[in-house]
Amino acid sequence: RYGNGLNITTNATGLFLEVVSLFNFNHPPLFIPWHDLHNPQPIIFRQRELIQVDVGHPPVSTLRLPAAIFEEGEGNKIVEGASIRTNVPA
């Protein structure tokens with residue numbers, strides 16, 4: 001959960017962003033493939049360690065996601081390529 005209003009789930013091919021059921025009005029989750037996330041930058045926002053990434057090439061949006069999302073699997077390859085270490089406890 002992200003801010004109690006957004007569920008973020010991941011799999012081997014990408015991540016899904018889904019608004020909690022109270023607000024989603026039968027909209028399916030938004031899927032973003034890992035290969036569409038570029039230019040990862042570590043940031044601190046409201047005392048939380050986040051990774052800011054551009055979406056698409058050329059960028060169509062920017063996301064700030066909890067660093068823990070990039071801890072395992074394919075997401076880890078994005079931050080490894082940019083020499084970013086995440087230190088978020090599991």
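In what follows, every heavy atom counts, from backbone to side chain, and hydrogens, waters and symmetry copies are set aside.
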Residue list, side-chain contact (heavy atoms from CB on, under 4.5 Å) with T9, at least two apart or on another chain: F16
Closest heavy-atom pair, E49 versus I44, reported as atoms and distance to 0.1 Å, is CA-CD1, 3.9 Å
To the closest 0.5 Å, what do you measure between CD (Q41) and OG1 (T62)? 10.5 Å
For R64 and I43, what are the C-alpha separation, side-chain angles and deciding distance, and is it a side chain to side chain contact (heavy atoms under 4.5 Å, CB included)? CA-CA 8 Å; R64 292 178 180 169; I43 62 168; 3.4 Å; yes
Test side chain to side chain contact (heavy atoms under 4.5 Å, CB included) applied to E18 and L30, step by step: CA-CA 6 Å; E18 181 178 22; L30 174 65; over 6 Å; no
Tell me every residue that passes side-chain contact (heavy atoms from CB on, under 4.5 Å) with L63, counting only those two or more places apart in sequence or in another chain. L17, I32, V53, V55, L65
Search all heavy atoms of G56 against all heavy atoms of H38 and return the closest pair with its distance. O-CD2, 3.3 Å
Across all chains, not counting sequence neighbours, the side chain to side chain donor-acceptor pair (under 3.5 Å) partners of N11 are T13
Minimal non-hydrogen separation, I51 against P40, with atom names: CG2-CB, 3.8 Å
Starting at CZ of F45, measure out to CG of L50 and round the result to the nearest 0.5 Å. 7.5 Å
Give the C-alpha distance, both sets of side-chain angles, the deciding distance and a yes or no for side chain to side chain contact (heavy atoms under 4.5 Å, CB included) between L37 and L15. CA-CA 10 Å; L37 301 178; L15 59 91; 3.8 Å; yes
Check: D54 and S61 side chains under 4.5 Å, non-hydrogen atoms: no
Going by ring-ring contact (aromatic ring centres under 6.0 Å, His included), name the residues that satisfy it together with H35, two or more places apart in sequence or in a different chain. none
